[in-house]
Amino acid sequence: VQLQASGGGLVQSGGSLRLSCTASGFRLDDYVIGWFRQAPGKEREGVSCISDSDESTYYADSVKGRFTISRDNAENTVYLQLSSLKPEDTAVYYCAALYHRWVRVCLAAPNRARYRGQGTLVTVSS
């Protein structure tokens with residue numbers, strides 16, 4: 001069983017990236033999937049979550065309107081489209097799979113993850 005985030009990189013302020021969360025050994029659509037990030041010297045932050053049941057989506061206020069989370073169940077992948085990036089978005093981003101009971105508090109519950117992948121670094125230059 002493995003969960004992996006990819007797609008990070010160096011981008012200029014205002015640019016875009018698409019992160020991918022892929023899994024082996026289990027189906028992502030059986031879980032709530034959350035994206036979290038942690039910048040150096042800062043607390044871990046919930047960025048976005050997508051429900052397993054009705055694909056409801058949740059966003060942190062800091063990224064609302066700029067980031068979009070989505071699923072491709074055929075590819076067993078969850079994406080996070082990052083747009084209008086700002087230097088303060090610089091962080092290691094990782095994805096995690098949570099049971100449905102955590103869906104409404106997903107952004108605040110990274111420690112409830114059933115599976116957590118290694119992160120991918122996003123660096124936004126000014």
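All residue numbers in this chain count up from 1 along the given sequence.
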Just how far is it from atom [atom1] of [X] to atom [atom2] of [Y], taken to the nearest 0.5 Å?
X: Ser16; Y: Leu85; atom1: OG; atom2: CG; answer: 6.0 Å
X: Arg71; Y: Thr77; atom1: CZ; atom2: OG1; answer: 10.5 Å
X: Arg27; Y: Asp52; atom1: CZ; atom2: CG; answer: 12.5 Å
X: Ser70; Y: Ile33; atom1: OG; atom2: CD1; answer: 12.0 Å
X: Leu82; Y: Leu17; atom1: CG; atom2: CG; answer: 6.0 Å
X: Ile50; Y: Cys21; atom1: CD1; atom2: SG; answer: 11.0 Å

### Query
Which atom pair, heavy atoms only, marks the closest approach of Leu98 to Gly34?
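So the minimum-distance heavy-atom pair works out to CD1-N, 4.3 Å.
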
#### Entry: Ala91 to Ala39 - nearest heavy-atom pair and separation
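Residues Ala91 and Ala39, closest heavy atoms: CB-N, 3.8 Å.
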
### Message
As a quick check of understanding, evaluate side-chain contact (heavy atoms from CB on, under 4.5 Å) for Trp102 and Val32, giving each step before the final call.
### Response
CA-CA 8 Å; Trp102 303 113; Val32 174; over 6 Å; no

#### Entry: Trace of the side-chain contact (heavy atoms from CB on, under 4.5 Å) decision for Arg101 with Arg112
CA-CA 10 Å; Arg101 61 179 175 267; Arg112 300 294 184 180; over 6 Å; no

### Task
State plainly whether one hydrophobic cluster holds both Val92 and Val11, where clusters connect Ile, Leu, Val, Met, Phe, Trp and Tyr through side-chain heavy atoms under 4.5 angstrom apart.
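No; Val11 is not reachable from Val92 via cluster members.
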
### Query
Would Tyr79 end up clustered with Tyr31 when hydrophobic side chains under 4.5 Å apart are linked, directly or stepwise?
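No, Tyr79 and Tyr31 fall in different hydrophobic clusters.
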
Show which side-chain atoms of residues 54-61 pair as donor or acceptor with protein atoms under 3.5 Å away, not counting sequence neighbours.
unit_1	atom_1	unit_2	atom_2	d
Asp54	OD1	Ser51	OG	3.3
Asp54	OD1	Ser56	N	3.0
Asp54	OD1	Ser56	OG	2.8
Asp54	OD2	Ser56	OG	2.9
Tyr59	OH	Ile69	N	2.9
Asp61	OD1	Lys64	NZ	3.1

### Query
Will you find, in the side chains of Glu45 and Ser62, an N or O donor that is under 3.5 Å from an N or O acceptor?
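The answer is yes; a qualifying pair exists.
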
#### Entry: Side chain Asn76, main chain Ser24, donor-acceptor under 3.5 Å
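Looks like no, no N/O pair under 3.5 Å.
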
Considering only distance and modelled atom types, tabulate donor-acceptor pairs under 3.5 Å from the side chains of residues 113-126, sequence neighbours left out.
unit_1	atom_1	unit_2	atom_2	d
Arg114	NE	Tyr99	OH	3.0
Thr120	OG1	Gly8	N	2.9

### Cation-pi check, Arg44 onto Phe36 ring (under 6.0 Å, within 45° of axis)
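Negative - Arg44 is either too far from the ring of Phe36 or too far off its axis.
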
### Query
Do Leu80 and Ser48 pass the side-chain contact (heavy atoms from CB on, under 4.5 Å) test, and can you show the C-alpha distance, the side-chain angles, and the key distance before you say yes or no?
CA-CA 8 Å; Leu80 185 67; Ser48 182; 4.0 Å; yes

### Query
Do Lys42 and Arg37 touch side chain to side chain, with heavy atoms closer than 4.5 Å?
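Lys42 does not reach Arg37 side chain to side chain.
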
